Amino acid sequence: MPPGAPFPVAFFDRSSLEVAPELVGAYLVHQPARSVRLVARIVEVEAYLGDGSDPGSHCHRGRTPRNQAMFGPPGRLYVYRSYGIHTCANVVCEAEGRGAAVLLRAFEPVEGAVRMRRLRGLTPQALAREVGSGPGKLCQALGISLDDYGSSLLRGRLTLRRPGARDPTLPIARSRRIGLGKGCEHPYRFYARGHPCVSRGRPG
DNA sequence: CCAGAGATTTTCT
DNA sequence: GAAAATCTCTGGA
């Protein structure tokens, strides 16, 4: 079950609300220089709108040193530190200067699960659903850090790849976003309904 | 099962 | 000074 071809830049040069549901079922592949390949199947994402229209977005109040990658070209990573401790990863969408992105919230391990568990500090016996069922866990399990800030997902160490044929066992559902102070009223979260690797957080 | 506390950086008031 | 796109552990129902 090998992952497909990387998405072209045109895929990301659209509304984050259009891109988000199409990323559920897609593969995030991490190929380090000299280590096992890690393959993650995305099962949960959230869209953050551009153009200052989304009070839940880091870009709502304009550019800051932290969010400049979100205003950059599409198809790149916007990585930020959450609550001073964790790391979360977004895919930048829409044209440069818009400030739109999709937060990668959860995945199912497909390849390299042993290494993912070690990166997470879990025992080899830990359940698959504990490995990447949350945005902070996702980055830790895949070795994504602030060093990856602004890097391309079209080619290189980290790539986002097309799923094969639509998987009927992955019904895509929609809900309000999780963990937000403001802007939680809109249904911008997309996830694989019933999948064990979806995060435990409850929508606002 | 659910609620609360603590860890700790960036941003805003 | 306080809140935030979170996670883990603890204690109680």
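The sequence lines fix the lettering, A, B, ..., with proteins before strands; numbering per chain opens at 1. Given the structure is predicted, the values throughout are model-derived calculations rather than measurements.
Near DNA chain B, defined here as any heavy-atom distance below 4.0 Å, there are no residues from residues 175-202 of chain A. If you check residues 84-100 of chain A against DNA chain B, the residues with a heavy atom closer than 4.0 Å are Gly84(A), Ile85(A), listed by number. Within residues 113-145 of chain A, no residue has any heavy atom closer than 4.0 Å to DNA chain B.
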List every contact pair, protein side and nucleotides 10-13 of chain B side both N or O, where the distance is under 3.5 Å.
unit_1	atom_1	unit_2	atom_2	d
dT11(B)	OP1	Thr64(A)	OG1	2.9
dT11(B)	OP1	Arg66(A)	N	2.7
dT13(B)	OP1	Arg61(A)	NH1	3.3

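Across Glu44(A) and Arg189(A), no two heavy atoms sit closer than the pair OE2-NE, 3.0 Å.
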>> In dot-bracket form, 5' to 3', how is DNA chain C paired? Count Watson-Crick and G-U wobble pairs only if both distances fall under 3.5 Å, and write | where the partner sits on another strand.
In response: ||||.|||||||.
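Looking at Arg120(A), its side chain does come within 3.5 Å of a backbone N or O of Glu130(A) through a donor-acceptor pair. Of the possible donor and acceptor atoms, one in the side chain of His195(A) sits under 3.5 Å from a partner among the backbone N and O of Cys197(A). Ser57(A) contributes no side-chain N or O that, together with a main-chain N or O of Asp54(A), makes up a donor-acceptor pair within less than 3.5 Å.
Between Leu160(A) and Val91(A) there is a side-chain heavy-atom pair separated by less than 4.5 Å. Residues Ser35(A) and Arg115(A) meet the side-chain proximity criterion, which asks for heavy atoms closer than 4.5 Å. Counting heavy atoms from C-beta outward, Tyr78(A) and Arg66(A) have side chains that approach closer than 4.5 Å. At a threshold of 4.5 Å between non-hydrogen side-chain atoms, the residues Leu28(A) and Phe107(A) do not count as touching. Within the 4.5 Å cutoff, side-chain heavy atoms of Pro135(A) are placed close to those of Leu103(A).
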>> Using side chain to side chain contact (heavy atoms under 4.5 Å, CB included), reason through Asn90(A) and Val102(A) one step at a time and then give a plain yes or no.
In response: CA-CA 5 Å; Asn90(A) 298 249; Val102(A) 174; over 6 Å; no
>> Please determine whether salt bridge (Lys or Arg N to Asp or Glu O under 4.0 Å) holds for the pair Arg98(A) and Asp13(A), giving the CA-CA distance in whole Å, both sets of side-chain angles, and the decisive distance to 0.1 Å.
In response: CA-CA 10 Å; Arg98(A) 295 268 308 169; Asp13(A) 192 7; over 6 Å; no
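The same atom, P, is picked in dC2(B) and in dA5(C); the two are 23 Å apart, to the nearest Å. Spacing between dT10(B) and dT8(C) at atom C1', rounded to whole Å, works out to 22 Å.
Aromatic ring centroids of His58(A) and Tyr80(A) lie under 6.0 Å apart.
Extent of DNA chain C lying under 4.0 Å from chain A heavy atoms, first and last nucleotide in 5' to 3' order, is dA4(C) to dT8(C).
Judged by a 6.0 Å distance limit and a 45° cone about the ring axis, Arg14(A) is positioned over the six-membered ring of Phe11(A). The cationic group of Arg177(A) lies under 6.0 Å from the six-membered ring centre of Tyr48(A) and within 45° of the ring axis, placing it in a cation-pi geometry.
Follow the hydrophobic side-chain contacts under 4.5 Å out from Val131(A) and you never reach Tyr191(A); the two are in separate clusters.
Around the CZ atom of Arg193(A), the shell of radius 6.0 Å holds no more than 12 heavy atoms that belong to other residues, nucleotides or ligands.
In this structure, a donor-acceptor pair under 3.5 Å is present between the side chains of Asp167(A) and Thr169(A).
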